[in-house]
Amino acid sequence: MTSYVTPELLKSLSRLKEKYPDAFETKKGISNDITHLVPADDPDLRMIVRFRNAVKAGDRRRLEDKRVAQRIADCYTRYMTMRATASYLEMDLAEVKFITERDANLRDLYHKHQHDWGRIIVYDDHTNSYTTYPNKYEAAVKIGFQRLSDLNYYLKYRHYPYLIKGRFKVKRRVWFDEDGCM
């Protein structure tokens with residue numbers, strides 16, 4: 001945004017403060033937008049409006065940039081949430097949400113990867129079989145845990161070496177697909 005700031009803009013802002021000091025005072029419950037408080041034909045106000053329009057146009061161009069969408073898609077394929085993606089790319093969360101919701105492919109990719117992250121694979125050593133569960137709760141019930149937090153302990157580790165209760169192994173579906181095994 002600083003690339004739009006020019007000395008002329010700063011001078012116009014100073015002149016507006018001198019001409020209309022009431023427009024720059026903060027008043028509770030009253031709009032602080034100077035475009036409502038300063039006459040529209042003022043040349044300094046026109047400079048401020050041009051600045052605002054240039055910033056809005058620049059923001060729209062940046063949000064429509066396909067490279068930004070590709071970087072967001074890369075984050076989603078690593079099973080990052082929107083908040084984690086915004087932090088990683090040093091963007092505003094609202095911008096990431098806007099780009100994701102506007103692009104159908106990106107939206108589908110986000111939902112698919114968030115759905116896959118919650119799925120759990122349970123290996124039963126006695127029957128030598130794999131079972132997929134849609135959420136952690138159902139997997140915890142199958143294993144026989146009283147609390148979901150007991151299962152969360154084992155899901156923290158991508159390669160937990162021991163059998164749970166001498167019989168089961170658990171892994172997130174995405175890790176199972178990537179590793180090809182338990």
Side-chain angles (χ1 to χ4, degrees), residues 1-5 26 28-29 31-33 52 55-182:
M1 190 166 130
T2 56
S3 63
Y4 298 111
V5 177
T26 304
K28 189 173 181 180
S31 173
N32 290 331
D33 189 6
R52 286 182 181 175
V55 170
K56 285 179 187 176
D59 286 348
R60 269 188 248 112
R61 267 196 307 274
R62 188 168 67 88
L63 293 179
E64 292 171 358
D65 191 359
K66 293 295 181 191
R67 289 175 295 185
V68 174
Q70 183 60 43
R71 291 180 65 203
I72 291 173
D74 290 341
C75 290
Y76 289 162
T77 56
R78 288 186 256 156
Y79 302 98
M80 295 173 82
T81 61
M82 279 190 198
R83 187 175 306 278
T85 300
S87 174
Y88 180 77
L89 297 176
E90 297 176 353
M91 293 177 66
D92 189 27
L93 179 61
E95 291 176 348
V96 173
K97 282 182 180 180
F98 174 78
I99 293 169
T100 301
E101 291 169 2
R102 189 175 48 98
D103 187 350
N105 294 332
L106 204 55
R107 184 175 53 243
D108 293 342
L109 179 72
Y110 176 74
H111 290 299
K112 177 191 179 301
H113 281 81
Q114 292 305 308
H115 176 263
D116 286 349
W117 179 254
R119 298 179 73 189
I120 306 297
I121 300 278
V122 175
Y123 170 71
D124 187 350
D125 193 43
H126 289 191
T127 61
N128 199 22
S129 64
Y130 294 93
T131 309
T132 303
Y133 292 95
N135 56 38
K136 292 189 284 189
Y137 176 75
E138 290 182 24
V141 169
K142 165 66 175 152
I143 293 172
F145 285 135
Q146 297 294 321
R147 296 177 304 220
L148 187 60
S149 60
D150 295 337
L151 180 64
N152 285 337
Y153 171 77
Y154 295 103
L155 288 175
K156 285 191 291 186
Y157 304 103
R158 187 167 182 159
H159 302 287
Y160 191 76
Y162 307 107
L163 293 173
I164 303 167
K165 296 188 174 185
R167 180 176 180 179
F168 300 105
K169 278 193 162 193
V170 295
K171 198 174 211 179
R172 291 192 179 276
R173 172 69 187 259
V174 294
W175 291 344
F176 183 81
D177 290 344
E178 289 174 2
D179 298 341
C181 62
M182 279 291 185

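The side-chain hydrogen bond (donor to acceptor under 3.5 Å, both in side chains) search around Lys97 returns none, not counting sequence neighbours. Residues meeting the side-chain hydrogen bond (donor to acceptor under 3.5 Å, both in side chains) test with Gln146, sequence neighbours left out: none. Listed by chain and number, the residues in a side-chain contact (heavy atoms from CB on, under 4.5 Å) with Asn135 are Tyr137, Glu138 (sequence neighbours excluded). Residues satisfying the ring pair (Phe, Tyr, Trp, His ring centres under 6.0 Å) test with Tyr130, not counting sequence neighbours, are Tyr123, Phe176. Annotation: salt bridge (charged side-chain N to carboxylate O under 4.0 Å, His left out) contacts of Arg173 (sequence neighbours excluded): Asp177. Annotation: ring pair (Phe, Tyr, Trp, His ring centres under 6.0 Å) contacts of Tyr133 (sequence neighbours excluded): none. Asp150 pairs by the salt bridge (charged side-chain N to carboxylate O under 4.0 Å, His left out) definition with Arg147, not counting sequence neighbours.
One distance of note links NE2 of His126 with CG of Leu163; it measures 8.0 Å at 0.5 Å rounding. To the nearest 0.5 Å, atom CD1 of residue Ile72 and atom CG of residue Asp103 are 9.0 Å apart. Taken to the nearest 0.5 Å, the CD1 atom of Ile120 stands 6.5 Å off from the NZ atom of Lys136.
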Taking distance alone, no hydrogens or angles, what donor-acceptor pairs closer than 3.5 Å link side-chain atoms of residues 83-94 to residues at least two apart or in another chain?
residue : atom : partner : partner atom : Å
Thr85   : OG1  : Thr81   : O            : 2.8

Name each donor-acceptor pair under 3.5 Å that joins a side chain in residues 104-111 to protein atoms two or more places apart or in another chain, with its distance.
residue : atom : partner : partner atom : Å
Arg107  : NH1  : Glu101  : O            : 2.5

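No side-chain heavy atom of Glu95 sits less than 4.5 Å from a side-chain heavy atom of Val68. With a 4.5 Å cut-off on side-chain heavy atoms, Phe145 and Tyr154 count as touching.
The stretch residues 160-169 participates, sequence neighbours left out, in these side chain to side chain donor-acceptor pair (under 3.5 Å) pairs: Asp124-Arg167.
When each of Arg71, Arg78, Gln70 is paired with Asp74, the side-chain hydrogen bond (donor to acceptor under 3.5 Å, both in side chains) condition holds for Gln70 and for no other.
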